[in-house]
Amino acid sequence: MSSYDEEAQYEAIANSYAVGSLPKFGYGAEDFDPEFGSYMPAEVKPKILLLGLRRSGKSSIQKVVFHKMSPNETLFLESTNKITKDDISSSSFIQFQVWDFPGQIDFFDPTFDADNIFGGQCEALIFIIDAQDDYMESLEKLHSTVSRAYKVNPNIHFEVFIHKVDGLSDDQKIETQREIHQRANDELSESGTDSIHLSFYLTSIYDHSIFEAFSKVVQKLIPQLPTMENLLNIFISNSNIEKAFLFDVVSKIYVATDSSPVDMASYELCCDFIDVIIDISYIYGMKEDAETSAFDNQSSSIIRLNSSTILYLREVNKYLAMVCLLREENFARQGLIDYNFICFRDALQEVFGIRARASMMRERNQNSLSFNGGSIAKEWDGRV
(Lines give C-alpha, C1' and ligand atoms only; values in the text may rest on other atoms or scores of the structure.)
Protein backbone atom coordinates (compact mmCIF):
# COMPACT_ATOMS: atom_id res chain seq x y z
CA MET A 1 0.00 0.00 0.00
CA SER A 2 1.38 3.40 -0.92
CA SER A 3 1.74 6.12 1.71
CA TYR A 4 -1.00 8.09 -0.09
CA ASP A 5 -3.47 5.17 0.11
CA GLU A 6 -2.58 4.55 3.74
CA GLU A 7 -3.17 8.19 4.63
CA ALA A 8 -6.47 8.21 2.76
CA GLN A 9 -7.57 5.16 4.74
CA TYR A 10 -6.73 6.87 8.01
CA GLU A 11 -8.67 9.94 6.89
CA ALA A 12 -11.71 7.83 6.02
CA ILE A 13 -11.66 6.07 9.38
CA ALA A 14 -11.26 9.34 11.27
CA ASN A 15 -14.04 11.07 9.37
CA SER A 16 -16.44 8.19 10.05
CA TYR A 17 -16.60 9.22 13.71
CA ALA A 18 -18.59 12.22 14.86
CA VAL A 19 -16.50 14.62 16.89
CA GLY A 20 -19.03 14.64 19.70
CA SER A 21 -19.73 10.91 19.74
CA LEU A 22 -18.02 10.23 23.05
CA PRO A 23 -20.48 9.23 25.80
CA LYS A 24 -20.48 11.38 28.90
CA PHE A 25 -17.99 10.60 31.65
CA GLY A 26 -20.38 11.44 34.46
CA TYR A 27 -18.23 14.15 36.02
CA GLY A 28 -20.20 17.25 35.10
CA ALA A 29 -23.58 18.19 36.57
CA GLU A 30 -25.27 17.68 33.21
CA ASP A 31 -23.53 14.37 32.54
CA PHE A 32 -26.36 12.02 33.40
CA ASP A 33 -26.05 8.51 31.97
CA PRO A 34 -28.97 6.16 32.76
CA GLU A 35 -26.65 3.17 32.39
CA PHE A 36 -24.13 4.37 34.95
CA GLY A 37 -26.25 6.47 37.30
CA SER A 38 -26.41 10.19 38.03
CA TYR A 39 -23.62 12.63 38.68
CA MET A 40 -21.89 12.89 42.03
CA PRO A 41 -24.15 14.33 44.77
CA ALA A 42 -22.88 17.36 46.70
CA GLU A 43 -22.41 15.50 49.99
CA VAL A 44 -19.80 13.14 48.49
CA LYS A 45 -17.86 15.60 46.35
CA PRO A 46 -14.24 16.12 47.37
CA LYS A 47 -13.57 19.33 49.29
CA ILE A 48 -10.68 21.71 48.70
CA LEU A 49 -10.16 24.15 51.57
CA LEU A 50 -8.66 27.61 50.97
CA LEU A 51 -7.09 29.01 54.14
CA GLY A 52 -4.72 31.82 55.06
CA LEU A 53 -4.59 35.17 56.78
CA ARG A 54 -6.85 38.07 55.83
CA ARG A 55 -6.05 39.73 52.48
CA SER A 56 -3.74 36.89 51.46
CA GLY A 57 -5.65 36.45 48.19
CA LYS A 58 -7.86 33.40 48.80
CA SER A 59 -11.06 34.79 47.26
CA SER A 60 -9.16 36.35 44.37
CA ILE A 61 -7.67 32.99 43.45
CA GLN A 62 -11.08 31.33 43.52
CA LYS A 63 -12.69 34.03 41.36
CA VAL A 64 -9.90 34.12 38.78
CA VAL A 65 -9.52 30.36 38.36
CA PHE A 66 -13.13 29.20 38.50
CA HIS A 67 -15.21 32.25 37.62
CA LYS A 68 -13.04 33.87 34.92
CA MET A 69 -12.84 37.17 36.78
CA SER A 70 -10.20 39.59 35.55
CA PRO A 71 -7.28 39.89 38.01
CA ASN A 72 -7.76 43.66 38.12
CA GLU A 73 -11.39 43.23 39.20
CA THR A 74 -10.32 41.29 42.29
CA LEU A 75 -8.94 44.52 43.77
CA PHE A 76 -12.52 45.43 44.67
CA LEU A 77 -13.41 42.17 46.43
CA GLU A 78 -14.31 42.48 50.08
CA SER A 79 -12.61 40.38 52.74
CA THR A 80 -14.26 37.05 53.43
CA ASN A 81 -16.07 37.19 56.78
CA LYS A 82 -17.74 33.77 56.71
CA ILE A 83 -17.14 30.32 55.24
CA THR A 84 -18.27 30.27 51.61
CA LYS A 85 -18.80 27.09 49.61
CA ASP A 86 -18.41 27.03 45.84
CA ASP A 87 -19.61 23.97 43.94
CA ILE A 88 -17.37 23.50 40.90
CA SER A 89 -19.42 21.21 38.69
CA SER A 90 -22.08 23.08 36.75
CA SER A 91 -19.85 23.71 33.72
CA SER A 92 -16.73 21.74 34.47
CA PHE A 93 -15.42 18.21 34.02
CA ILE A 94 -13.90 18.14 37.48
CA GLN A 95 -16.29 17.92 40.40
CA PHE A 96 -15.40 19.23 43.83
CA GLN A 97 -16.28 21.94 46.31
CA VAL A 98 -14.04 24.87 47.20
CA TRP A 99 -14.47 26.14 50.75
CA ASP A 100 -13.10 29.65 51.34
CA PHE A 101 -12.38 30.39 55.02
CA PRO A 102 -12.07 33.84 56.62
CA GLY A 103 -8.56 34.62 57.78
CA GLN A 104 -9.56 35.30 61.38
CA ILE A 105 -11.09 31.89 62.02
CA ASP A 106 -9.73 30.04 65.08
CA PHE A 107 -9.42 26.32 64.47
CA PHE A 108 -8.94 25.70 68.20
CA ASP A 109 -12.20 27.39 69.18
CA PRO A 110 -14.40 24.82 70.98
CA THR A 111 -17.29 25.71 68.68
CA PHE A 112 -15.24 24.87 65.56
CA ASP A 113 -16.26 21.46 64.23
CA ALA A 114 -12.87 20.18 63.04
CA ASP A 115 -14.17 16.66 62.39
CA ASN A 116 -16.76 17.96 59.96
CA ILE A 117 -14.42 20.41 58.23
CA PHE A 118 -11.26 18.31 57.89
CA GLY A 119 -12.83 14.88 57.89
CA GLY A 120 -15.12 13.14 55.44
CA GLN A 121 -14.59 14.27 51.86
CA CYS A 122 -11.81 16.79 52.57
CA GLU A 123 -9.13 15.91 50.04
CA ALA A 124 -6.86 18.97 49.91
CA LEU A 125 -5.99 21.94 52.10
CA ILE A 126 -4.45 24.93 50.33
CA PHE A 127 -2.82 27.48 52.61
CA ILE A 128 -2.15 30.88 51.02
CA ILE A 129 0.89 32.91 52.15
CA ASP A 130 1.30 36.50 50.97
CA ALA A 131 4.90 36.68 49.75
CA GLN A 132 4.89 40.49 49.81
CA ASP A 133 3.96 40.65 53.49
CA ASP A 134 5.70 39.59 56.69
CA TYR A 135 4.97 35.89 56.52
CA MET A 136 6.06 34.89 60.05
CA GLU A 137 2.47 35.06 61.31
CA SER A 138 1.35 33.08 58.27
CA LEU A 139 3.89 30.36 59.07
CA GLU A 140 2.57 30.10 62.63
CA LYS A 141 -0.98 29.83 61.31
CA LEU A 142 0.13 27.26 58.74
CA HIS A 143 1.71 25.06 61.40
CA SER A 144 -1.29 25.14 63.73
CA THR A 145 -3.73 24.56 60.87
CA VAL A 146 -2.05 21.57 59.26
CA SER A 147 -1.29 20.00 62.65
CA ARG A 148 -4.96 20.17 63.61
CA ALA A 149 -6.15 18.93 60.23
CA TYR A 150 -3.64 16.05 60.15
CA LYS A 151 -4.92 14.73 63.49
CA VAL A 152 -8.44 14.58 62.08
CA ASN A 153 -7.58 13.34 58.58
CA PRO A 154 -4.00 12.22 57.78
CA ASN A 155 -4.97 11.60 54.13
CA ILE A 156 -5.36 15.30 53.29
CA HIS A 157 -3.01 16.73 50.66
CA PHE A 158 -1.37 19.83 52.17
CA GLU A 159 -0.53 22.50 49.58
CA VAL A 160 1.13 25.88 50.20
CA PHE A 161 0.69 28.69 47.66
CA ILE A 162 3.38 31.33 48.09
CA HIS A 163 1.19 33.98 46.54
CA LYS A 164 1.56 37.47 45.00
CA VAL A 165 5.06 36.74 43.70
CA ASP A 166 4.46 38.92 40.62
CA GLY A 167 6.06 41.83 42.52
CA LEU A 168 9.27 39.90 43.25
CA SER A 169 12.37 39.39 41.15
CA ASP A 170 13.42 35.87 40.17
CA ASP A 171 16.10 35.82 42.87
CA GLN A 172 13.61 37.03 45.48
CA LYS A 173 11.15 34.32 44.45
CA ILE A 174 13.74 31.59 44.92
CA GLU A 175 14.91 32.99 48.25
CA THR A 176 11.35 33.45 49.56
CA GLN A 177 10.36 29.92 48.60
CA ARG A 178 13.53 28.49 50.15
CA GLU A 179 13.02 30.35 53.43
CA ILE A 180 9.31 29.50 53.74
CA HIS A 181 9.99 25.87 52.86
CA GLN A 182 12.78 25.63 55.41
CA ARG A 183 10.92 27.35 58.25
CA ALA A 184 7.67 25.44 57.70
CA ASN A 185 9.35 22.04 57.70
CA ASP A 186 11.56 22.94 60.67
CA GLU A 187 8.49 23.83 62.74
CA LEU A 188 6.83 20.55 61.83
CA SER A 189 9.98 18.61 62.71
CA GLU A 190 10.38 20.36 66.07
CA SER A 191 6.77 19.61 67.01
CA GLY A 192 7.12 15.94 66.10
CA THR A 193 4.78 16.14 63.11
CA ASP A 194 7.40 15.80 60.39
CA SER A 195 5.30 13.05 58.79
CA ILE A 196 3.19 15.84 57.28
CA HIS A 197 4.22 16.52 53.69
CA LEU A 198 3.85 20.07 52.36
CA SER A 199 3.95 20.95 48.65
CA PHE A 200 4.99 24.50 47.74
CA TYR A 201 4.07 26.57 44.67
CA LEU A 202 4.91 30.12 43.59
CA THR A 203 1.67 31.72 42.37
CA SER A 204 0.16 34.92 41.05
CA ILE A 205 -3.24 35.73 39.57
CA TYR A 206 -1.53 37.96 37.00
CA ASP A 207 0.03 35.06 35.10
CA HIS A 208 -0.66 31.38 34.51
CA SER A 209 1.20 30.19 37.61
CA ILE A 210 -2.03 30.00 39.64
CA PHE A 211 -3.62 27.74 37.00
CA GLU A 212 -0.51 25.56 36.91
CA ALA A 213 -0.55 25.21 40.72
CA PHE A 214 -4.25 24.41 40.87
CA SER A 215 -3.75 21.85 38.10
CA LYS A 216 -1.22 20.03 40.27
CA VAL A 217 -3.62 20.07 43.22
CA VAL A 218 -6.60 18.81 41.23
CA GLN A 219 -4.57 16.02 39.61
CA LYS A 220 -3.97 14.54 43.05
CA LEU A 221 -7.76 14.15 43.42
CA ILE A 222 -8.13 12.09 40.23
CA PRO A 223 -7.51 8.40 40.96
CA GLN A 224 -7.37 7.60 37.23
CA LEU A 225 -4.45 10.01 36.65
CA PRO A 226 -1.71 7.35 36.07
CA THR A 227 -3.89 5.63 33.48
CA MET A 228 -4.65 8.92 31.75
CA GLU A 229 -0.95 9.82 31.64
CA ASN A 230 -0.12 6.42 30.21
CA LEU A 231 -2.75 6.83 27.49
CA LEU A 232 -1.33 10.24 26.60
CA ASN A 233 2.19 8.78 26.45
CA ILE A 234 1.01 6.10 24.02
CA PHE A 235 -0.85 8.71 21.96
CA ILE A 236 2.06 11.14 21.53
CA SER A 237 4.64 8.42 20.89
CA ASN A 238 2.56 6.97 18.05
CA SER A 239 1.66 10.36 16.60
CA ASN A 240 5.07 12.13 16.74
CA ILE A 241 3.65 14.83 19.02
CA GLU A 242 5.89 16.91 21.25
CA LYS A 243 3.44 17.57 24.10
CA ALA A 244 -0.23 16.94 24.87
CA PHE A 245 -2.51 18.38 27.56
CA LEU A 246 -6.00 17.33 28.59
CA PHE A 247 -7.70 20.60 29.59
CA ASP A 248 -10.81 21.37 31.56
CA VAL A 249 -12.00 24.08 29.16
CA VAL A 250 -13.79 26.32 31.65
CA SER A 251 -11.06 26.63 34.28
CA LYS A 252 -8.05 25.96 31.99
CA ILE A 253 -6.82 23.46 34.55
CA TYR A 254 -5.07 20.58 32.83
CA VAL A 255 -6.33 17.36 34.37
CA ALA A 256 -3.57 15.28 32.78
CA THR A 257 -0.54 15.50 30.54
CA ASP A 258 2.11 13.11 29.28
CA SER A 259 5.16 12.21 31.34
CA SER A 260 7.53 14.72 29.73
CA PRO A 261 8.28 17.83 31.83
CA VAL A 262 5.79 20.70 31.60
CA ASP A 263 7.30 23.81 30.09
CA MET A 264 5.56 26.88 31.51
CA ALA A 265 5.76 28.69 28.18
CA SER A 266 4.05 25.79 26.40
CA TYR A 267 1.32 25.65 29.05
CA GLU A 268 0.67 29.40 28.73
CA LEU A 269 0.54 29.04 24.96
CA CYS A 270 -2.08 26.30 25.23
CA CYS A 271 -4.16 28.35 27.68
CA ASP A 272 -4.12 31.34 25.34
CA PHE A 273 -5.00 29.02 22.46
CA ILE A 274 -8.14 27.86 24.29
CA ASP A 275 -9.11 31.47 25.03
CA VAL A 276 -8.76 32.36 21.35
CA ILE A 277 -10.92 29.41 20.26
CA ILE A 278 -13.65 30.23 22.79
CA ASP A 279 -13.65 33.93 21.91
CA ILE A 280 -13.86 33.27 18.16
CA SER A 281 -16.60 30.68 18.72
CA TYR A 282 -18.64 33.20 20.70
CA ILE A 283 -18.34 35.74 17.89
CA TYR A 284 -18.76 33.59 14.78
CA GLY A 285 -19.96 30.16 15.90
CA MET A 286 -22.99 30.99 18.05
CA LYS A 287 -26.50 31.13 16.65
CA GLU A 288 -28.63 34.13 17.53
CA ASP A 289 -30.57 33.74 20.78
CA ALA A 290 -28.99 30.32 21.30
CA GLU A 291 -28.25 29.33 24.87
CA THR A 292 -25.45 26.93 23.98
CA SER A 293 -21.81 26.72 24.91
CA ALA A 294 -19.17 28.20 22.67
CA PHE A 295 -17.28 24.92 23.10
CA ASP A 296 -19.23 21.99 21.67
CA ASN A 297 -18.89 18.80 19.66
CA GLN A 298 -17.85 20.78 16.57
CA SER A 299 -14.89 22.42 18.28
CA SER A 300 -11.47 21.78 16.77
CA SER A 301 -8.71 24.03 15.59
CA ILE A 302 -5.27 24.14 13.99
CA ILE A 303 -2.90 27.08 14.37
CA ARG A 304 0.47 27.23 12.64
CA LEU A 305 3.05 29.40 14.38
CA ASN A 306 6.05 31.17 12.84
CA SER A 307 8.32 28.79 14.76
CA SER A 308 7.14 25.86 12.59
CA THR A 309 5.10 24.62 15.54
CA ILE A 310 1.48 23.57 15.24
CA LEU A 311 -1.15 23.86 17.96
CA TYR A 312 -3.89 21.29 17.49
CA LEU A 313 -7.11 21.20 19.56
CA ARG A 314 -9.71 18.44 19.55
CA GLU A 315 -12.92 18.20 21.57
CA VAL A 316 -12.96 15.19 23.91
CA ASN A 317 -16.32 15.87 25.50
CA LYS A 318 -18.35 18.98 26.36
CA TYR A 319 -15.94 19.85 29.19
CA LEU A 320 -12.61 18.47 28.01
CA ALA A 321 -10.26 19.36 25.18
CA MET A 322 -6.96 17.89 24.10
CA VAL A 323 -4.37 20.45 23.05
CA CYS A 324 -1.24 19.18 21.28
CA LEU A 325 2.02 20.83 20.29
CA LEU A 326 3.95 19.29 17.41
CA ARG A 327 6.41 20.14 14.67
CA GLU A 328 4.91 21.13 11.33
CA GLU A 329 6.62 18.31 9.45
CA ASN A 330 5.03 15.76 11.81
CA PHE A 331 1.55 17.04 10.96
CA ALA A 332 1.80 15.89 7.33
CA ARG A 333 -0.21 12.77 8.18
CA GLN A 334 -3.08 14.37 10.04
CA GLY A 335 -5.30 11.37 9.36
CA LEU A 336 -3.02 9.15 11.45
CA ILE A 337 -3.12 11.63 14.33
CA ASP A 338 -6.92 11.84 14.13
CA TYR A 339 -7.24 8.06 14.14
CA ASN A 340 -4.94 7.78 17.18
CA PHE A 341 -6.95 10.48 18.90
CA ILE A 342 -10.14 8.48 18.42
CA CYS A 343 -8.44 5.42 19.91
CA PHE A 344 -7.33 7.55 22.86
CA ARG A 345 -10.83 8.93 23.33
CA ASP A 346 -12.39 5.47 23.28
CA ALA A 347 -9.87 4.25 25.86
CA LEU A 348 -10.63 7.25 28.07
CA GLN A 349 -14.30 6.40 27.81
CA GLU A 350 -13.56 2.91 29.12
CA VAL A 351 -11.56 4.29 32.06
CA PHE A 352 -14.36 6.47 33.32
CA GLY A 353 -17.00 3.93 32.36
CA ILE A 354 -15.41 1.53 34.84
CA ARG A 355 -15.50 4.23 37.50
CA ALA A 356 -19.16 4.96 36.85
CA ARG A 357 -20.11 1.28 36.94
CA ALA A 358 -18.24 0.83 40.23
CA SER A 359 -20.13 3.78 41.68
CA MET A 360 -23.45 2.29 40.55
CA MET A 361 -22.57 -1.11 42.04
CA ARG A 362 -21.65 0.53 45.34
CA GLU A 363 -24.99 2.35 45.45
CA ARG A 364 -26.90 -0.84 44.64
CA ASN A 365 -24.96 -2.76 47.27
CA GLN A 366 -25.80 -0.19 49.94
CA ASN A 367 -29.45 -0.18 48.94
CA SER A 368 -29.64 -3.96 49.09
CA LEU A 369 -28.41 -3.91 52.71
CA SER A 370 -31.39 -1.80 53.87
CA PHE A 371 -33.99 -3.74 55.78
CA ASN A 372 -36.66 -3.35 58.48
CA GLY A 373 -36.58 0.43 58.27
CA GLY A 374 -32.85 0.52 59.06
CA SER A 375 -29.65 0.22 57.08
CA ILE A 376 -26.22 -1.35 57.40
CA ALA A 377 -23.35 0.97 56.49
CA LYS A 378 -20.73 -0.83 54.46
CA GLU A 379 -17.45 0.76 53.40
CA TRP A 380 -16.57 0.51 49.75
CA ASP A 381 -13.76 2.37 48.02
CA GLY A 382 -15.26 2.96 44.60
CA ARG A 383 -12.10 4.47 43.13
CA VAL A 384 -10.67 2.75 40.09
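By convention here, the first residue in the shown sequence is residue 1.
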Distance-only, no hydrogens or angles: does the [X] side chain make a donor-acceptor pair with backbone N or O of [Y] under 3.5 Å?
X: Lys243; Y: Ile236; value: no
X: Asp166; Y: Ser204; value: no
X: Thr145; Y: Lys141; value: yes
X: Asn230; Y: Pro226; value: no
X: Gln172; Y: Ser169; value: yes
X: Asn153; Y: Phe118; value: yes

Short side-chain donor-acceptor distance under 3.5 Å, [Y] and [X]:
X: Lys216; Y: Ser199; value: no
X: Ser308; Y: Arg327; value: no
X: Ser260; Y: Asp258; value: yes
X: Asn233; Y: Ser259; value: yes
X: Asp86; Y: Gln62; value: yes

In the single-linkage hydrophobic clustering (I, L, V, M, F, W, Y; side-chain heavy atoms under 4.5 Å), do [X] and [Y] co-cluster?
X: Ile222; Y: Met322; value: yes
X: Leu198; Y: Ile180; value: yes
X: Leu326; Y: Ile234; value: no
X: Leu53; Y: Phe161; value: no
X: Phe200; Y: Leu168; value: yes

Would you mind reporting whether [Y] and [X] have side-chain heavy atoms less than 4.5 Å apart?
X: Thr74; Y: Asn72; value: no
X: Ile277; Y: Asp279; value: no
X: Tyr150; Y: Thr193; value: no
X: Ile117; Y: Cys122; value: no
X: Arg345; Y: Asn317; value: no
X: Glu350; Y: Asp346; value: no
X: Asn330; Y: Ile241; value: no
X: Glu159; Y: Leu125; value: no

Taking all non-hydrogen atoms of both residues, which atom of [X] and which atom of [Y] are closest, and how far apart?
X: Ala131; Y: Ile162; result: CB-CG2, 3.8 Å
X: Thr257; Y: Val262; result: CG2-CG2, 3.9 Å
X: His143; Y: Ser191; result: NE2-OG, 2.9 Å
X: Ile210; Y: Ile205; result: CG2-CA, 4.2 Å
X: Val255; Y: Gln219; result: O-CG, 3.5 Å
X: Ala184; Y: Leu142; result: CB-CD2, 4.0 Å

Residue among Phe211, Phe214, Tyr267 satisfying ring-ring contact (aromatic ring centres under 6.0 Å, His included) with Tyr254: Tyr267

Tyr312 ring center near Phe331 ring center (under 6.0 Å): yes

Check: Phe66 ring centre within less than 6.0 Å of Phe96 ring centre: yes

Plane angle bin for Phe235 and Phe344 - parallel if under 30°, tilted between 30 and 60°, otherwise perpendicular: tilted

Evaluation steps, side chain to side chain contact (heavy atoms under 4.5 Å, CB included), between Phe247 and Leu313: CA-CA 10 Å; Phe247 274 95; Leu313 179 145; over 6 Å; no

To the nearest 0.5 Å, tell me how far [X] [atom1] sits from [Y] [atom2].
X: Ser56; Y: Asp130; atom1: OG; atom2: CG; value: 7.0 Å
X: Ser301; Y: Ile280; atom1: OG; atom2: CD1; value: 7.0 Å
X: His197; Y: Asn185; atom1: NE2; atom2: CG; value: 8.5 Å
X: Ile337; Y: Asn238; atom1: CD1; atom2: CG; value: 11.5 Å
X: Leu320; Y: Phe245; atom1: CG; atom2: CZ; value: 14.5 Å
X: Lys151; Y: Ile196; atom1: NZ; atom2: CD1; value: 9.0 Å

Using a strict 4.0 Å threshold on nitrogen-to-oxygen distance, state whether [X] and [Y] make a salt bridge.
X: Asp133; Y: Lys164; value: no
X: Glu328; Y: Arg304; value: yes
X: Arg183; Y: Glu179; value: yes
X: Asp100; Y: Lys85; value: no

Residues Ser239, Asn340; criterion side chain to side chain donor-acceptor pair (under 3.5 Å); working and verdict: CA-CA 7 Å; Ser239 306; Asn340 288 339; 2.9 Å; yes

CA sep, side-chain torsions, deciding dist, call: Ile126, Leu51, side chain to side chain contact (heavy atoms under 4.5 Å, CB included): CA-CA 6 Å; Ile126 301 176; Leu51 301 107; over 6 Å; no

Steps toward side chain to side chain contact (heavy atoms under 4.5 Å, CB included) verdict (His163, Leu202): CA-CA 6 Å; His163 196 47; Leu202 295 171; over 6 Å; no

Stepwise side chain to side chain donor-acceptor pair (under 3.5 Å) check, Ser251 with Asp248: CA-CA 6 Å; Ser251 64; Asp248 178 73; 2.7 Å; yes

Criterion salt bridge (charged side-chain N to carboxylate O under 4.0 Å, His left out) on Lys220 and Glu123, from CA distance to verdict: CA-CA 9 Å; Lys220 296 178 181 179; Glu123 296 275 355; over 6 Å; no

Steps toward side chain to side chain contact (heavy atoms under 4.5 Å, CB included) verdict (Leu311, Cys324): CA-CA 6 Å; Leu311 293 174; Cys324 306; over 6 Å; no

